[in-house]
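Single-structure report; data block below.
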Number of protein chains: 4
Amino acid sequence: MSKPGQRVLIALRKMIASGELAAGERIAEIPTAELLEVSRTPVRIAFRTLEQEGLLAKSTGRGYTVRAVSPVEIAGAVEVRGVLEGLAARQAAERGIDAEVRQALRECLDQGDRLFEKGYVVEEDLEGYHELNMRFHQLILTASGNPAITDALSRNDHLPFASVSSLAVDLHDMAREYRRFNFAHMQHHAVFDALVNGQGARAEAIMREHANATLRYAEVFGPAKTASEGLKVIHKGQTEDRE
Amino acid sequence: MSKPGQRVLIALRKMIASGELAAGERIAEIPTAELLEVSRTPVRIAFRTLEQEGLLAKSTGRGYTVRAVSPVEIAGAVEVRGVLEGLAARQAAERGIDAEVRQALRECLDQGDRLFEKGYVVEEDLEGYHELNMRFHQLILTASGNPAITDALSRNDHLPFASVSSLAVDLHDMAREYRRFNFAHMQHHAVFDALVNGQGARAEAIMREHANATLRYAEVFGPAKTASEGLKVIHKGQTEDRE
Amino acid sequence: MSKPGQRVLIALRKMIASGELAAGERIAEIPTAELLEVSRTPVRIAFRTLEQEGLLAKSTGRGYTVRAVSPVEIAGAVEVRGVLEGLAARQAAERGIDAEVRQALRECLDQGDRLFEKGYVVEEDLEGYHELNMRFHQLILTASGNPAITDALSRNDHLPFASVSSLAVDLHDMAREYRRFNFAHMQHHAVFDALVNGQGARAEAIMREHANATLRYAEVFGPAKTASEGLKVIHKGQTEDRE
Amino acid sequence: MSKPGQRVLIALRKMIASGELAAGERIAEIPTAELLEVSRTPVRIAFRTLEQEGLLAKSTGRGYTVRAVSPVEIAGAVEVRGVLEGLAARQAAERGIDAEVRQALRECLDQGDRLFEKGYVVEEDLEGYHELNMRFHQLILTASGNPAITDALSRNDHLPFASVSSLAVDLHDMAREYRRFNFAHMQHHAVFDALVNGQGARAEAIMREHANATLRYAEVFGPAKTASEGLKVIHKGQTEDRE
């Protein structure tokens with residue numbers, strides 16, 4: 001995909017995930033192209049991709065509407081991610097982790113330790129965490145030796161919050177975000193311990209629970225905020241890196 | 001898809017799953033159309049579908065070759081199915097099974113009891129089992145209330161043996177097939193017991209193990225056969241029923 | 001314990017488990033000694049042991065009453081056995097099964113195959129199954145390398161049906177008993193497959209479910225009988241073998 | 001047990017768990033009575049109790065020796081605790097948590113939040129955590145409705161580190177202890193979330209992993225210390241409270 005195409009796609013995904021584009025809202029090519037300061041072609045292509053991803057629905061006439069994604073639907077997709085990544089961790093532990101993968105996982109842990117040891121986080125830290133988090137998860141997927149897991153995840157990752165490549169951060173409550181991502185990071189420590197000790201069932205159980213870090217823990221580790229204006233979506237996938 | 005299109009597709013899937021079309025073998029439109037006594041159009045369309053499913057690969061020139069699907073790859077896909085169907089069973093048990101679903105599951109069990117209670121099976125019984133088996137699994141998927149599971153399964157089901165809609169039966173060793181499918185049927189009984197008693201973890205565990213019935217149990221419950229000439233693939237999906 | 005002491009203890013356990021001695025019934029030394037044709041001393045000692053096991057309760061005066069063991073209590077103990085034996089299977093798979101244990105487990109499977117392959121069972125077959133079943137379970141406990149599992153099980157095994165050393169067989173419905181124990185035997189095959197392939201999570205899941213074979217499956221695999229006169233308890237523990 | 005008896009028992013357990021009394025060391029009544037400034041009777045009784053618990057072994061002559069408890073043995077007992085408490089959490093979630101239990105669990109969480117929110121802990125905080133931790137675990141055991149779990153745990157709890165009533169704290173590395181117990185506290189949050197939402201499999205998985213907080217996490221969340229002089233054992237059981 002072209003560079004402007006990628007940029008448009010990511011911008012629209014963020015606007016949907018953050019609620020800036022609300023469910024049911026109509027969206028059309030020309031105003032979107034103007035808003036994002038691009039030509040109509042990349043917008044048209046992005047709309048089709050988002051339709052396939054289930055985030056837009058074709059409406060009568062020429063436009064699209066933002067599809068309502070219910071909390072139940074998202075929770076379901078998070079469960080799916082949990083069992084699939086759990087399976088990857090189990091199979092990786094059963095096959096055994098080689099020295100190179102072990103080292104790469106270890107580096108993710110060390111990086112995370114440095115982010116969280118100061119007792120608070122700033123926005124930049126969470127971007128750093130997001131990057132190492134994706135690396136950590138990808139290493140486990142690869143170490144599983146089971147490409148069918150990645151295939152199945154690819155169907156699941158388009159929903160907001162369902163993918164490990166999408167984090168929503170509330171910049172208005174960084175104390176809660178510290179608790180949440182610090183807990184997620186400690187789960188990385190625990191899953192690493194299970195992986196390198198060949199404890200497949202344990203690695204699977206931790207990884208399944210860990211899927212709740214993207215969404216559920218936001219509720220568990222702090223009171224729900226009434227306004228969402230501080231919400232920032234970090235959404236940095238492999239596709240984006242390829243630009 | 002047109003009726004001849006469906007027929008061609010199913011015939012080719014069977015020939016690949018059974019090894020009649022071996023991995024690496026070249027396959028071309030004209031001889032295939034002649035063999036199956038259809039025009040070239042449905043063959044061309046079927047080839048494209050099979051390419052998407054990962055069963056054919058485009059070769060140099062105009063034709064395709066049968067892609068090698070390794071046992072490891074299939075085993076991986078079976079694991080993926082196990083965790084996804086396990087999740088469906090868990091969520092169905094946690095939500096609770098309503099009277100209608102309970103009745104429909106009950107009927108699958110009763111039908112199966114009638115097939116297996118005579119102590120042996122004939123080919124026709126296994127076709128009956130195959131049909132009720134697909135119904136049983138579909139009921140649990142629906143009862144989970146989580147459409148993301150079905151989405152993720154759709155990526156997984158194209159591999160031979162990975163889908164519940166594909167059974168390979170060895171007509172030369174019906175005693176083994178009786179043991180295998182009777183065991184699978186008894187697992188249906190156990191998962192039903194867990195579902196109607198709200199035992200989510202138990203339902204999940206049984207369903208995960210049950211995924212091994214399609215392939216692994218063929219090895220567990222009998223000596224491997226050297227020749228495969230008795231192999232029959234029952235592959236009757238929803239698409240086929242729609243003809 | 002003396003030989004008559006053992007014999008009295010086992011006879012009384014059977015009478016309680018079978019309901020011959022009903023919950024709430026009073027039981028006294030002299031008539032029991034006469035019934036079993038022994039002196040009062042072994043009866044007195046057996047009563048104290050059964051009190052510790054929770055099967056008898058001291059009643060006012062000098063005697064004991066048979067304690068009511070509720071179905072919920074038994075179901076709870078079966079769950080406990082399931083998770084403990086499941087843990088043993090997981091740890092055995094994670095440590096790896098050596099050639100000797102593998103061979104011993106294999107022999108249990110072969111013996112069971114011979115019992116069930118004829119398509120029906122007689123009482124003697126179930127005694128044979130009971131013996132190989134205890135051997136199979138003991139092998140896994142030992143292979144776990146975790147003696148704390150055996151310790152914890154020892155607190156659990158005194159309840160009727162909770163111990164693998166206690167089987168209740170309904171001689172009036174041997175068709176159901178065939179289905180039930182044949183299924184249990186096939187679970188042995190599956191857990192063996194998981195153990196020798198280093199699949200800890202899978203071995204654990206099968207073993208947990210397998211704990212239901214002693215009691216729950218009697219209900220799952222056949223209609224409950226109104227009369228219990230055909231019930232026979234096979235209760236043959238290591239202690240008994242040591243006589 | 002008498003008050004001095006309890007005090008002697010607890011003092012000796014601590015000395016063994018901390019290594020002050022090393023494995024293989026001989027221990028005799030008179031010097032112990034002098035050291036603890038009590039008469040010989042409570043010491044004699046305590047020795048017998050510790051023998052039953054497996055911490056002392058009768059040596060030739062009149063004395064006892066401290067039994068060697070291997071790390072493997074302790075790790076095994078921790079696994080046993082994990083599956084048993086995991087079962088309790090699963091059954092509690094499946095039965096449903098009533099308003100009163102929910103409130104009592106909620107209070108444990110709030111208390112813990114207050115301890116950890118300041119970003120560090122002092123010794124007194126860990127004593128507070130220890131007390132609320134025991135309460136939290138006991139509430140789940142009771143909510144399971146399965147007394148067989150408590151019975152099985154009673155066999156397991158005598159080993160150092162195996163019981164929830166025994167915490168070993170390293171006063172020389174309170175930063176590590178903060179990380180460790182804060183993580184354990186966040187697992188309490190997650191298990192509460194699973195319990196009140198009827199997610200049995202999830203509650204079980206978290207609780208199983210949580211058993212590693214007593215021992216394993218000390219290694220996971222910080223470098224091993226060479227000297228143990230800062231080790232403090234908090235060991236406050238129900239028996240002690242009954243004084």
Review point. Heavy atoms, side chains only, cut-off 4.5 Å: are C:Q199 and B:E79 in contact?
Key: yes

Review point. How far apart are the closest heavy atoms of C:R179 and B:M186, and which atoms are they?
Key: O-CE, 2.8 Å

Point to revise | Region of B:N212 in contact with chain C, defined by heavy-atom distances below 4.5 Å | key: side chain

Check your understanding: Side chain, backbone, both or neither: which part of C:D113 has a non-hydrogen atom closer than 4.5 Å to chain B?
Key -> neither

Point to revise | CA sep, side-chain torsions, deciding dist, call: B:F183, C:Q187, side chain to side chain contact (heavy atoms under 4.5 Å, CB included) | key: CA-CA 9 Å; B:F183 184 43; C:Q187 290 177 323; 4.1 Å; yes

